[in-house]
Amino acid sequence: MRLSHYFMPILRDDPKEAEIVSHKLMLRCGMIRQEAAGSYSWLPMGFRVLKKIEQIVREEQDRAGAIEVLMPTIQPADLWRKSGRYDAYGKEMLRIKDRHDRDMLYGPTNEEMITDIFRQGVQSYKDLPRNLYHIQWKFRDEVRPRFGVMRGREFLMKDAYSFDVSREAGQHSYNKMFVSYLRTFARMGLKAVPMRAETGPIGGEDSHEFLILAETGESGVYFDRDFFDMDWSAFDIDYDDVAAVVKVVDDFTSKYAATDEKHDPAEFEKRVSESHRLAGRGIEVGHIFFFGTKYSEPLGCEVQGPDGKKVPVHSGSYGIGVSRLVGGIIEASHDAAGIIWPEPVAPFKVGLINLKVGDADTDAACLNIYKALEGKGVEVLYDDRDDRPGAKFAVMDLIGLPYQVIVGPRGLKEDKIEIKNRKTGARKTITVQEAGDYRNISDFIEY
RNA sequence: CGGAGUGUAGCGCAGUCUGGUAGCGCACCUGCUUCGGGAGCAGGGGGUCGGAGGUUCGAAUCCUCUCACUCCGACCA
């Protein structure tokens with residue numbers, strides 16, 4: 001993409017309304033624009049990141065055996081009247097009437113609907129287990145939205161719902177989601193620590209929150225520093241291997257980790273040596289629940305067992321805050337100059353900086369590099385605007401693409417171009433010859 | 001939902017107390033000089049002051065109502 005043709009309204013100063021760093025940076029980079037309290041338009045830069053995160057979530061859900069569906073944002077109230085939650089949900093639920101004066105609502109969640117879908121489609125234990133998920137916009141009319149996309153009213157969320165024939169099978173479904181969450185967040189460059197959570201008003205038998213560390217997190221967290229030394233990437237696991245899945249879950253739940261709600265200082269001191277005790281703040285990016293039959297019994301969500309009798313299914317629900325993750329990743333990965341995107345979610349991999357637009361040699365070199373990278377499938381944002389070098393550097397650092405390829409007349413005189421790693425600041429210089437007249441430039445960009 | 005505050009140019013703000021017909025910085029446009037870490041000079045365009053009503057010869061400024069947004073608290077992915 002050529003920057004001269006792109007839509008990326010950069011702000012030089014922090015907008016007044018933004019409190020936290022991710023909100024400021026997202027506005028300054030032109031990733032989002034606020035349309036109403038807690039409701040945002042996603043501009044091209046932000047949209048690209050959102051889509052990448054969504055896709056990683058999708059791939060890992062699929063890999064763990066979940067099946068994607070899509071349910072509407074606008075739901076009939078009747079469904080919620082049946083579950084008794086239409087009145088219970090309160091003002092957080094946005095209620096709407098259609099032209100026939102029927103009560104509708106903008107879904108704050110889809111539990112009722114997915115349960116209905118499941119009941120209609122599954123009658124026999126032979127059809128279990130199943131895990132259905134969707135990635136959809138939801139609306140909760142929060143009293144006080146804030147922190148940009150971290151706590152908006154409209155937000156993109158992945159919800160999965162598992163249905164199993166027995167407690168043991170349900171636990172395995174829960175464990176699979178647990179492991180898939182580790183994989184999902186690790187792929188985004190995050191260490192999301194699983195912490196035992198209050199099941200809260202939703203209730204159920206088991207629940208874990210996944211939190212990433214950030215100063216602006218909404219929860220206090222206490223955990224064993226061993227988490228940082230664990231291998232977060234080696235879960236190339238066979239999800240059907242029950243024992244292997246259990247082992248990973250056990251590994252990650254054996255260490256102490258708790259939010260302030262569940263924190264027990266005495267236990268913390270007992271289980272974790274002083275030098276390993278870490279305390280900080282965390283942002284919740286995922287939350288999983290195992291309900292058992294808590295909901296299926298009252299809702300009559302049953303299947304016919306081998307003996308012909310109806311048995312309530314064991315269910316679980318699993319959420320990931322997709323839009324929230326955009327802000328969360330920035331909170332966890334930025335510096336004074338701007339965002340530092342982890343490569344898998346970066347809007348572009350490479351920022352190509354033409355330091356002297358209009359200089360024939362520089363223009364030609366940049367164009368060659370641009371074409372070579374695009375030809376190799378490397379996403380590149382080419383700053384071909386007629387602007388001063390300093391401004392270009394500042395903008396490129398601000399938007400935080402992982403690598404910058406810097407080309408100017410001064411370097412080209414010696415047949416040299418420069419590659420900078422945004423995260424480490426490391427720079428290396430390569431010659432045009434080394435890059436095979438730019439054709440192999442992608443080989444020199446570290447991945 | 002309680003408390004506090006703010007709405008003036010794309011962004012950040014001054015002007016409001018003490019009414020006289022809107023200003024600054026950045027951004028933007030033109031030209032010249034500059035050009036490896038947010039350049040300099042000169043010239044220029046853009047707002048009717050959140051909205052409605054009222055007071056007044058005259059309202060960004062005073063009064064009434066209203067809408068929106070922000071912050072603190074309680075709540076929450």
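All figures in this text were calculated on a predicted structure; none of them were measured in a lab.
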Rounded to whole Å, please give me the gap between [atom1] in [X] and [atom2] in [N].
{"X": "A:Ile399", "N": "B:G38", "atom1": "CD1", "atom2": "P", "answer": "18 Å"}
{"X": "A:Glu142", "N": "B:U70", "atom1": "CD", "atom2": "P", "answer": "13 Å"}
{"X": "A:Asp386", "N": "B:U33", "atom1": "CG", "atom2": "P", "answer": "14 Å"}
{"X": "A:Ile20", "N": "B:U70", "atom1": "CD1", "atom2": "C1'", "answer": "14 Å"}
{"X": "A:Ile10", "N": "B:C26", "atom1": "CD1", "atom2": "P", "answer": "19 Å"}
{"X": "A:Asp383", "N": "B:G38", "atom1": "CG", "atom2": "P", "answer": "15 Å"}
{"X": "A:Glu261", "N": "B:A74", "atom1": "CD", "atom2": "P", "answer": "13 Å"}

State whether [X] and [Y] are salt-bridged, where the test is any N-O pair (Lys NZ or Arg NE/NH1/NH2 against Asp/Glu carboxylate O) under 4.0 Å.
{"X": "A:Asp383", "Y": "A:Arg2", "answer": "no"}
{"X": "A:Arg153", "Y": "A:Glu92", "answer": "no"}
{"X": "A:Lys255", "Y": "A:Asp226", "answer": "yes"}
{"X": "A:Glu343", "Y": "A:Lys349", "answer": "no"}

Would you list the protein and nucleotides 4-12 of chain B atom pairs, both N or O, that sit under 3.5 Å from each other?
{"unit_1": "B:G12", "atom_1": "OP1", "unit_2": "A:Lys16", "atom_2": "N", "d": "3.2"}

Just checking [X]: base, sugar-phosphate only, or nothing, at a heavy-atom cut-off of under 4.0 Å?
{"X": "A:Lys138", "result": "nothing"}
{"X": "A:Lys158", "result": "nothing"}
{"X": "A:Gly152", "result": "base"}

Taking [M] as the reference, what is the distance to [N] when you measure between their [atom1] atoms (whole Å, please)?
{"N": "B:A4", "M": "B:C13", "atom1": "P", "value": "22 Å"}
{"N": "B:G44", "M": "B:G51", "atom1": "P", "value": "29 Å"}
{"N": "B:U30", "M": "B:G45", "atom1": "P", "value": "14 Å"}
{"N": "B:G12", "M": "B:A59", "atom1": "C1'", "value": "26 Å"}
{"N": "B:G2", "M": "B:A77", "atom1": "C1'", "value": "25 Å"}
{"N": "B:U21", "M": "B:A60", "atom1": "P", "value": "10 Å"}
{"N": "B:A22", "M": "B:A14", "atom1": "C1'", "value": "11 Å"}
{"N": "B:G23", "M": "B:G15", "atom1": "P", "value": "16 Å"}

Within [range], find the residues that approach RNA chain B with a heavy atom at under 4.0 Å, and present them sorted by residue number.
{"range": "residues 58-75 of chain A", "answer": "none"}
{"range": "residues 407-418 of chain A", "answer": "A:Gly408, A:Arg410, A:Gly411, A:Glu418"}
{"range": "residues 22-52 of chain A", "answer": "A:Arg28, A:Gln34, A:Ala36, A:Ala37"}

[X] to [Y] six-membered ring, cation-pi geometry met (6.0 Å, 45°):
{"X": "A:Arg95", "Y": "A:Tyr89", "value": "no"}
{"X": "A:Arg140", "Y": "A:Phe155", "value": "no"}
{"X": "A:Arg130", "Y": "A:Phe163", "value": "no"}

In this structure, which one of A:Ile283, A:Ile53, A:Leu156 forms a side-chain contact (heavy atoms from CB on, under 4.5 Å) with A:Arg324?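 Among the candidates, only A:Ile283 passes.
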
Please tell me if the side chains of A:Lys158 and A:Tyr318 come closer than 4.5 Å, counting only heavy atoms from C-beta onward.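 In short, these two side chains touch, coming nearer than 4.5 Å.
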
Side chains of A:Gln75 and A:Met113: does their closest heavy-atom pair fall under 4.5 Å?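 A side-chain contact under 4.5 Å exists here.
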
Please report the shortest heavy-atom distance between A:Glu60 and A:Ser180, naming the atom on each side.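 It is O-CB, 4.0 Å.
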
Under 3.5 Å on both distances, the Watson-Crick or G-U partner of B:C76: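 Check on B:C76: unpaired, no WC or wobble geometry under 3.5 Å.
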
Which nucleotide, if any, forms a Watson-Crick or G-U wobble pair with B:G7, using both distances under 3.5 Å?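 In the structure as shown, B:G7 has B:C67 as its Watson-Crick or wobble partner.
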
Hey, what's the ring geometry for A:Phe289 with A:His287, parallel, tilted or perpendicular (30° and 60° as the breaks)?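 Parallel: the ring planes of A:Phe289 and A:His287 meet at under 30°.
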
Listed pairs under 3.5 Å, donor-acceptor, residues 4-13 of chain A side chains, sequence neighbours left out:
{"unit_1": "A:Ser4", "atom_1": "OG", "unit_2": "A:Asp384", "atom_2": "OD1", "d": "3.1"}
{"unit_1": "A:Ser4", "atom_1": "OG", "unit_2": "A:Asp384", "atom_2": "OD2", "d": "2.7"}

Taking atom types as they are modelled, would you say the side chain of A:Asp397 forms a donor-acceptor pair with the base of B:G37 within the 3.5 Å cutoff?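 Side chain to base: pair present.
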
Looking at the base of B:C75, is there any donor atom on it, or on the side chain of A:Arg140, that sits under 3.5 Å from an acceptor on the other one?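 A donor-acceptor contact between them is absent.
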
Under the criteria of a ring-centre distance below 5.5 Å and an interplanar angle below 30°, is A:Phe155 stacked with the base of B:A77?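 Stacking is present between B:A77 and A:Phe155, given that their ring centres fall under 5.5 Å apart and the planes under 30°.
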
Would a line drawn from the ring center of A:Phe291 to the ring center of A:His314 be shorter than 6.0 Å?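 Here the rings of A:His314 and A:Phe291 have centres that are no less than 6.0 Å from each other.
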
Without hydrogens or angle criteria, can the side chains of A:His208 and A:Tyr174 be said to hold a donor-acceptor pair below 3.5 Å?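 Judged by distance alone, the side chains do pair up.
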
Taking atom types as modelled, is there a side-chain donor on A:Asp415 or A:Gln433 under 3.5 Å from an acceptor on the other?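 Short answer, yes.
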
For nucleotides 39-41 of chain B, tabulate all protein N/O to nucleotide N/O atom pairs closer than 3.5 Å, reporting atom names and distance.
{"unit_1": "B:A39", "atom_1": "OP2", "unit_2": "A:Arg388", "atom_2": "NE", "d": "3.3"}
{"unit_1": "B:A39", "atom_1": "N9", "unit_2": "A:Arg388", "atom_2": "NE", "d": "3.4"}
{"unit_1": "B:A39", "atom_1": "N9", "unit_2": "A:Arg388", "atom_2": "NH1", "d": "3.4"}
{"unit_1": "B:A39", "atom_1": "N7", "unit_2": "A:Arg388", "atom_2": "NE", "d": "3.3"}
{"unit_1": "B:A39", "atom_1": "N7", "unit_2": "A:Arg388", "atom_2": "NH1", "d": "3.3"}

